[in-house]
Amino acid sequence: MLQTTCILLFSLLASFLPHGTAMLNLTLPGQHPDPEAVAREVHRMVNASIARREVLGVSEKEVASCLTGNPIDDCWKCDPNWANNRQRLADCAIGFGQNAKGGKGGQFYIVTDSSDEDPVNPKPGTLRYAVIQNEPLWIVFPSNMMIKLSQELIFNSYKTIDGRGADVHIVGGGCITLQYISNVIIHNIHIHHCHPSGNANVRSSPEHYGYRTESDGDGISIFGSRDIWVDHCTLSRCKDGLIDAVMGSTAITISNSHFSHHNDVMLLGHSDHYLADSAMQVTIAFNHFGEGLVQRMPRCRLGYIHVVNNDFTRWEMYAIGGSGGPTINSQGNRYTAPEDPYAKQVTKRLDAGEGEWSGWNWRSEGDVMLNGAFFVASGGDAEPNYHNAYSVEPKSVDRISLLTMSAGVLGVARDNNLGMWTRGPNEGGVYISDFGPEYTDDMSRSAVPLLPSRTLILVSAFVALLYFLCHTTTLTTVL
């Protein structure tokens, strides 16, 4: 409640201070006081993982199962009994989302029903029934599943979706909404063909359901939330963004994921003047930005964004864009430009002339530029919340292929050494998997070409104000 109130007050203040984002140093729950220390720690962990691999002389053939040099994967994949020690994953996050514990310490919940027929009264056994519960839950899947959502899948706090050992697809209406919550881990899930939904009642907790206006059709929408970790997911072909984080969201890590076939890939920030987003801190690490992408990898506003050890294999317009003066710390990435001679630049400043953006703190260190790619750096007094972007020497990019080789979903889709898990998380019985049907555009009503995303400002401000008023009314009634 306190975080929500602060976000709303900052938003109202921003409406009276068009250039106020550079005047205030905001601190919100989840914001790290020293983002440079977080960036240095990421590099320290990568160095340590690669050093272990080199000391042991691990060959390329052996790297698939363990000691990849990727500190996240090495943290859990080196345990031969990982399938019965799943919650160890919660200790493996890096970067700004490292404190996301998800459902650690909670019970295991096994999704046995792939249907989603009633978003107000979901059936026990469904994914929707699990994510709305109040207590921490570690959610697993005994078989391959195609979950076609009827409406947004609205999470409660302290949840982990763990798709390891199964091939799990989430498609349809919504899709995933994280709104004013904390501590969520989404791991090893396909998310694609998400389309707008809404104008319907949707349950968000066992005690509450409410009317939802039309959603944007994001793959994952992070709204006023913190301590979020998205890892080893494969995202593509959604109506709006693949991952959008807005309205004061912070403490986020997006890692080891694969993005493809999309226009507006990732939006970080609600608007240039939304003060709460100046506390946004996001780590984007070890991802593969693949074929068919156009722009926003990411598109940033305010805050501190650490883009480290990713592989960008072409874009149509630009890779990293921004406005409002964010700090962008690009380190040890590989940028491969498209053939279009007018789209070689990695970076794009939006809604600002050079006289303004020349003061923005954008740095490229240790990046490799291929096929004519180039990064236009600038810096660095426009963002007084942070010092100039610097860190220890980034990992040499000849290791980028090693760090990103398993980006996206593991299991049957990308790593044959993982396969289906055969024992229940609580010493349960044996599970048999069946491959579901191939996914087609018709299943999500998304056969039409994707259109450009529409502006979120008015809708999101109204939803935030409505949320605040509703909770204020509820508190008054209780008292």
Side-chain angles (χ1 to χ4, degrees), residues 32-82 85-102 104 164 185 187-188 227-232 251-257 281-288 304-311 329-334 363-368 389-408 410 414-415 417-418:
H32 196 282
D34 187 357
E36 287 301 326
V38 177
R40 288 192 294 271
E41 178 63 11
V42 169
H43 290 301
R44 186 199 67 78
M45 295 177 73
V46 172
N47 289 340
S49 288
I50 289 182
R52 284 194 298 270
R53 179 178 181 274
E54 292 175 346
V55 166
L56 294 174
V58 178
S59 69
E60 292 298 330
K61 292 182 179 179
E62 296 171 306
V63 78
S65 60
C66 184
L67 292 178
T68 64
N70 182 313
I72 296 173
D73 289 351
D74 291 353
C75 176
W76 66 269
K77 287 180 71 176
C78 291
D79 179 3
N81 195 37
W82 67 263
N85 190 21
R86 286 173 170 268
Q87 293 194 10
R88 176 175 169 76
L89 178 68
D91 300 324
C92 298
I94 65 170
F96 292 113
Q98 63 187 292
N99 294 321
K101 294 307 177 186
K104 183 179 181 180
R164 287 175 294 176
I185 298 173
H187 183 85
N188 213 62
D227 296 319
I228 307 298
W229 181 26
V230 178
D231 187 56
H232 275 300
I252 300 167
T253 292
I254 300 166
S255 57
N256 291 314
S257 292
Q281 297 172 331
V282 181
T283 299
I284 301 171
F286 318 141
N287 301 287
H288 182 197
Y304 185 106
I305 315 301
H306 189 203
V307 183
V308 55
N309 296 151
N310 300 279
D311 195 3
N329 186 356
S330 173
Q331 297 183 305
N333 301 285
R334 178 166 58 201
R363 287 288 180 267
S364 169
E365 296 181 3
D367 294 325
V368 160
Y390 68 91
S391 187
V392 298
E393 182 178 354
K395 273 296 103 203
S396 58
V397 292
D398 60 352
R399 295 169 174 170
I400 293 299
S401 295
L402 182 65
L403 293 171
T404 62
M405 64 180 295
S406 296
L410 298 166
R414 287 185 174 268
D415 186 347
N417 289 324
L418 279 177

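Computed from a prediction, not measured in an experiment: that's the story for all the values here.
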Can you name the residues that form a side-chain contact (heavy atoms from CB on, under 4.5 Å) with Asp79, not counting sequence neighbours?
-> Asn81, Trp82, Asn85
Flag side-chain contact, heavy atom, 4.5 Å: Val46 against Asn309 = yes
Between Ser401 and Arg334 the two heavy atoms that sit nearest each other are OG-NH2, 2.9 Å
Is there a side chain to side chain contact (heavy atoms under 4.5 Å, CB included) between Gln281 and Ile305 once you walk through the steps?
-> CA-CA 6 Å; Gln281 297 172 331; Ile305 315 301; over 6 Å; no
Verify, without hydrogens or angle tests, whether Glu365 (side chain) and Gly332 (backbone) share a donor-acceptor contact under 3.5 angstrom.
-> no
Between Asn99 and Asp227, do the side chains contain an N or O donor and an N or O acceptor separated by less than 3.5 Å?
-> no
Not counting sequence neighbours, which residues clear ring pair (Phe, Tyr, Trp, His ring centres under 6.0 Å) with Phe96? List them please.
-> Tyr304
Taking the six-membered ring of Trp76 as reference, does the NZ or CZ atom of Arg164 fall below 6.0 Å from its centre and within a 45° cone about the axis?
-> yes
Do Asn329 and Val307 touch side chain to side chain, with heavy atoms closer than 4.5 Å?
-> no
Give a yes-or-no answer on whether the side chains of Thr404 and Asn287 include a donor-acceptor pair shorter than 3.5 Å.
-> no
Rounded to the nearest 0.5 Å, what's the gap from CZ on Arg40 to NE2 on His306? Could you check?
-> 10.5 Å
CH2/Trp229 to OG1/Thr283 distance, rounded to the nearest 0.5 angstrom?
-> 12.0 Å
Separation between CG (Asn256) and CE (Met405), nearest 0.5 Å, reads 11.5 Å
Looking at side-chain heavy atoms only, is the closest gap between Ile94 and Glu41 below 4.5 Å?
-> no
Over all heavy atoms of both residues, which pair between Gln98 and Gly95 is shortest? Give the atoms and the distance, please.
-> NE2-O, 3.0 Å
Please report the shortest heavy-atom distance between Ser49 and Gly69, naming the atom on each side.
-> CB-O, 3.3 Å
Would a 4.5 Å heavy-atom cut-off, applied to side chains only, mark His288 and Ser257 as touching?
-> no
State whether the side chain of Thr253 and the backbone N or O of Gly97 hold a donor-acceptor pair below 3.5 Å, judged by distance alone.
-> yes
What distance separates Ile72 CD1 from Asp74 CG, expressed to the nearest 0.5 Å?
-> 10.0 Å
Would you check if Lys104 and Ile185 make a side-chain contact, meaning some heavy-atom pair closer than 4.5 Å?
-> no
Output the distance between atom CG (Leu403) and atom CG (Asp311), rounded to the nearest 0.5 Å.
-> 10.5 Å
So, Thr68 and Asp73: side-chain donor and acceptor under 3.5 Å apart, yes or no?
-> no
Spacing of CZ belonging to Arg53 relative to CG belonging to Asn70, to within rounding of 0.5 Å | 11.5 Å
Expected output: side-chain His232 to main-chain Gly408 donor-acceptor under 3.5 Å | yes
Counting distance only, does the side-chain N/O of Asn310 pair as donor-acceptor with the main-chain N or O of Val308 below 3.5 Å?
-> yes
Is the closest side-chain donor-acceptor distance between Gln331 and His43 under 3.5 Å?
-> yes
With the side chain counted from C-beta on, respond yes when Met45 and Asn47 share a heavy-atom pair under 4.5 Å apart, and no when they do not.
-> no
Will you find, in the side chains of Asp231 and His187, an N or O donor that is under 3.5 Å from an N or O acceptor?
-> yes
For the residue pair Cys78 and Pro80, what are the closest heavy atoms and their distance?
-> O-CD, 3.3 Å
